[in-house]
Amino acid sequence: MTTPAERKAAYNEKLFLKVQQIIVQQLGLDAGEVTPAADFISDLGADSLDTVELVMAFEEAFEIEIMDEDAEKIRTIQQAVDYLRDQAKVQLP
């Protein structure tokens, strides 16, 4: 039987991998480049259009709406994961 902490860690890992997969597909990067600390713009080379497309991809994949003011605050992969995790509707298999 798993503990709540183990379930949370497993959920966070699944969520990160899903976010990573979306970023790899959208930006054409190697998965190894997409780390939690990576900044979308300075580390991954995303421009403003890329970031809009990523937000749209996250919205579609997780069936949520990300408000513009929230999207502007998401600079790193970890911030994206944290934001998505905090959205009540985000469920992973």
Side-chain angles (χ1 to χ4, degrees):
M1 191 154 119
T2 59
T3 68
E6 290 170 330
R7 284 192 297 275
K8 182 179 178 183
Y11 176 83
N12 285 339
E13 180 65 16
K14 279 182 162 182
L15 182 56
F16 169 76
L17 292 173
K18 179 67 175 173
V19 168
Q20 182 185 51
Q21 176 187 18
I22 292 167
I23 294 167
V24 165
Q25 290 174 344
Q26 290 290 318
L27 299 181
L29 300 171
D30 179 71
E33 297 175 85
V34 184
T35 63
D39 183 282
F40 287 104
I41 296 170
S42 63
D43 296 327
L44 303 180
D47 61 22
S48 58
L49 179 58
D50 292 327
T51 59
V52 169
E53 290 174 346
L54 280 168
V55 167
M56 291 171 50
F58 293 148
E59 289 176 328
E60 183 177 328
F62 296 105
E63 299 178 355
I64 62 169
E65 182 178 343
I66 301 172
M67 304 304 292
D68 290 341
E69 55 270 11
D70 292 336
E72 292 171 5
K73 297 175 189 171
I74 299 172
R75 312 306 301 162
T76 68
I77 309 308
Q78 189 62 55
Q79 288 173 338
V81 170
D82 292 345
Y83 180 86
L84 294 166
R85 183 195 62 232
D86 292 342
Q87 300 307 301
K89 296 181 196 174
V90 174
Q91 300 295 319
L92 297 171

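Just so you know, these numbers use all the heavy atoms, side chains as well, and skip hydrogens, waters and symmetry mates. All residue numbers refer to positions in the sequence shown, counting from 1.
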Legend entry - Stepwise side chain to side chain contact (heavy atoms under 4.5 Å, CB included) check, Thr35 with Phe16: CA-CA 9 Å; Thr35 63; Phe16 169 76; 5.6 Å; no
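Here the closest non-hydrogen pair linking Gly45 and Asp50 is O-OD2, 4.1 Å. Considering every non-hydrogen atom in both Thr51 and Ala46, the closest pair reads CG2-CB, 4.1 Å. Across every non-hydrogen atom of Tyr11 and Arg85, the tightest pair is CE2-CG, 3.6 Å. Minimum heavy-atom separation, Leu29 to Val24: O-CG1, 3.1 Å. The two residues Ala38 and Glu33 make their nearest non-hydrogen contact at CB-O, 4.0 Å. The two atoms that bring Glu6 and Met1 nearest to each other are OE1-O, 4.2 Å, heavy atoms only.
Note that CG of Asp70 and OH of Tyr83 are 4.0 Å apart. Values are rounded to the nearest 0.5 Å. Note that the CD1 atom of Ile22 and the CD atom of Glu53 stand 13.5 Å from one another [nearest 0.5 Å]. Atom CG of Leu17 is separated from atom NZ of Lys14 by 10.0 Å, given to the nearest 0.5 angstrom. Separating the CD atom in Gln87 from the CD atom in Glu65 is a distance of 10.5 Å, to the nearest 0.5 Å. For the atom pair Gln26 CD and Gln21 CD, the distance stands at 11.0 Å (nearest 0.5 Å).
Among Asp39, Ile77, Thr76, the single residue meeting the side chain to side chain contact (heavy atoms under 4.5 Å, CB included) criterion with Leu44 is Ile77.
Annotation for Asp68: atom CG does not count as buried by contact number, only 12 or fewer foreign heavy atoms lying within 6.0 Å. Summarising the local packing, CD of Glu60 is surrounded by 12 or fewer heavy atoms from other residues, nucleotides or ligands at distances under 6.0 Å.
Between Val19 and Phe62 the shortest side-chain heavy-atom distance falls below 4.5 Å.
Neither Val34 nor Met56 shares a network with the other; the hydrophobic side chains, linked directly or stepwise wherever heavy atoms of I, L, V, M, F, W or Y lie under 4.5 Å apart, form separate groups for each. Note: the hydrophobic cluster containing Val52 does not contain Leu84 (ILVMFWY, side chain heavy atoms under 4.5 Å, direct or indirect links).
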